[in-house]
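Atoms within each ligand, like the ligands themselves, are counted from 1 in listed order. All figures in this text were calculated on a predicted structure; none of them were measured in a lab.
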Amino acid sequence: MKVLSSTSELFPFIKTGGLADVTGALPKALGAFGVEVKTVLPGYPQVMPLLSDNPPLVVFNDLFGERAALHHVSAEGLDLFVIDAPALFDRSGGPYVDACGIDYPDNWKRFASLSLVTAEIANGLLPGWGPDIVHTHDWQSALTSVYMRQAGCSTPVVLTVHNLAFQGQYPAYLLGALGLSPNTYTIDGLEYYGDISYLKGGLTTADAITTVSPTYAREILAPRFGMGLQGVLRKRAGILRGIVNGIDRDIWNPETDHNLPVNYTVHDIDRKSANRLPLLERFNLDRDDGPVFAAVSRLTWQKGMDILVEVSGEIVSRGGKLIVLGQGDRSIEEALVASAACFPGRMAVELGYCEADAHLIHAGSDIIVQPSRFEPCGLTQLYALRYGTIPVVSRTGGLAETIIDANDAAISAGVATGFQFDPVDGSGLRDGIHRAYDAWRIPSIWRRLQKQAMQADFSWQRSAGQYAELYLELQKRHVRTEQRLVVA
Ligand code: ADP
């Protein structure tokens, strides 16, 4: 089975969040199921050095008015088609925003290019290679199925929604510039309140829609989490399913993680505490006892980081310390920094993105806090489990699904792995933090929680199996339809 994946982020080359982790790990996990994945990726500056001097597979003289070339390269166990289009992708900021955090004005064109090139590969651009299934991710590659259907290509498409909040909405007058026919601009197609929605285009033309947890798959059918697309999703509910994300157990492995001063396993969990001091030193915090709370996250309203600001004083006043690593909304960043200034030695905020620090934080802290207002899956809490760091999470989406709340019954049954709270506000988070604090003070209970957390299995194997099954279902249905067409 040959799958063509199309994504705007791919770990370890370019990452702003969980999307990259998933698109980077899934191809490797699918290999065990006989699925061969090739991934289409924009040629960002972080990606271009991977290319050799080999000539491109194809040259595009006019990709939305720009010159571009398609290269093939294998790196880090991943098989890539890289779109070399300097005018579109050779930028010094992030994949979506400039150095000041402002969206690039031509994102409509940049990600339409990703979709169009993917569609053309699906439609036979490369002699000798074509996919059985196309797998697109989020709005950035969601136009792929629109371009494919417009070109008469019926190869099955899976669209995975990693976060419904980002939809790729642009003015309707771009339709012609996008090379899309007026037929696509309908209420059952791309049209969205007078604009074009790339994600809606994908949702209405893909053969299967997945999202990254079954709970989120249910939640997005209702207005509270549907972000305006609940009606579209309800119509497509028959092809929507949730497949919970896994984690890359080689990259997030406390036994071998080279970012940790001291490695450990569930069998010598005492060694975890040797990472505490280096962590406190790294973030200039006092070295006294007391639990270390941490958050590694985009600093946004979605992630409830404003709620964390609200309760930071309480964490500190009970003898805890708080470390926050992240970047995001300016107002939340400023509020966190201001709060840290009130608690020198007790609270540290590092604005920025650092993979190595993220690993050290997961190993050296005691409690990871995730007060998300909505959370399609969430990976941070899964990494925390693997590192014996106990998550305190809001009861929503993938968080509700992956963390077993340490209520009395779950503790007695030996299955608890963390603390869930509800409602998602200051009072809820305060309650979750108090419960975690109380458990932390009883070493026997804490140790049990840590062991149960470390033994929770969120490997990709199970989830990759579900994707492989879905691909197979779609492939069989496609073959049957083609055969019927030939007979007719
Ligand atoms: P998102 O909604 O941002 O994708 P996830 O929990 O699914 O949330 O994934 C977030 C990923 O990004 C995790 O791998 C997390 O460790 C990482 N991450 C987030 N912020 C930072 C940061 N500032 N530095 C390093 N890694 C980060």
Look at D286 together with K321 and state whether they make a salt bridge at an N to O cut-off of under 4.0 Å.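 No, D286 and K321 are not salt-bridged.
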Students should be able to answer this: which protein heavy-atom is nearest to [atom], and at what distance?
atom                    : answer
atom 9 (O) of ligand 1  : G18 N, 3.1 Å
atom 8 (O) of ligand 1  : K303 NZ, 3.0 Å
atom 15 (C) of ligand 1 : T380 OG1, 4.0 Å
atom 5 (P) of ligand 1  : L379 N, 3.6 Å
atom 22 (C) of ligand 1 : Y353 CD1, 3.4 Å

Going by heavy atoms in the side chains, are [X] and [Y] under 4.5 Å from each other?
X    : Y    : answer
D138 : T160 : no
L429 : V369 : yes
V134 : S6   : no
S394 : S372 : yes
L308 : F293 : no
T417 : L449 : no
L299 : V324 : yes

Looking only at distance, does [X] have an N or O less than 3.5 Å from an N or O of ligand 1?
X    : value
K15  : yes
R298 : yes
A358 : no
L19  : no
W252 : no
D21  : yes
C354 : yes

Within the structure, is a non-hydrogen atom of F11 found at a distance of less than 4.0 Å from ligand 1?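 No, F11 has no heavy atom closer than 4.0 Å to ligand 1.
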With a 4.0 Å cut-off on heavy atoms, is G352 touching ligand 1?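 G352: in contact with ligand 1 (<4.0 Å).
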Using a 4.0 Å heavy-atom cut-off, which part of [X] comes near ligand 1: side chain, backbone, both, or neither?
X    : result
H162 : neither
S297 : backbone
Q381 : neither
P376 : neither

F225-Y216 aromatic ring centre distance below 6.0 Å: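 No: the rings miss the under 6.0 Å criterion.
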Within the 6.0 Å centroid threshold, strictly below: Y96 and F111: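 Aromatic pair counts; centres sit under 6.0 Å.
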Under 4.0 Å from any heavy atom of Y383, which atoms of ligand 1 are there?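 Those of ligand 1 that fall under 4.0 Å from Y383 are 13 (C), 14 (O).
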At less than 4.0 angstrom from any non-hydrogen atom of G326, what atoms of ligand 1 do you find?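 Counting from 1, the qualifying ligand atoms are 23 (N).
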Please list every donor-acceptor pair under 3.5 Å in which a side-chain atom of residues 11-31 meets a protein atom from a residue at least two apart or in another chain.
unit_1	atom_1	unit_2	atom_2	d
K15	NZ	D21	OD1	2.9
K15	NZ	D21	OD2	3.1
K15	NZ	E355	OE2	3.3
T16	OG1	E9	OE1	3.3
T16	OG1	E9	OE2	2.6
D21	OD2	Y383	OH	2.6
T23	OG1	E9	O	2.7
T23	OG1	L19	O	3.0
T23	OG1	A20	O	3.3

Qualifying residue for salt bridge (Lys or Arg N to Asp or Glu O under 4.0 Å) with R91, from D98, D103, D106: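 Answer after filtering D98, D103, D106: D106.
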Identify which of L399, V296, N163, D248 has a heavy atom lying nearest to atom 16 (O) of ligand 1.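 Checking each option, the heavy atom nearest atom 16 (O) of ligand 1 is found in V296.
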Using 30° and 60° as the class boundaries, would you call the ring planes of Y471 and Y467 parallel, tilted or perpendicular?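 Taking Y467 first and then Y471, their aromatic rings sit tilted (interplane angle of 30° to 60°).
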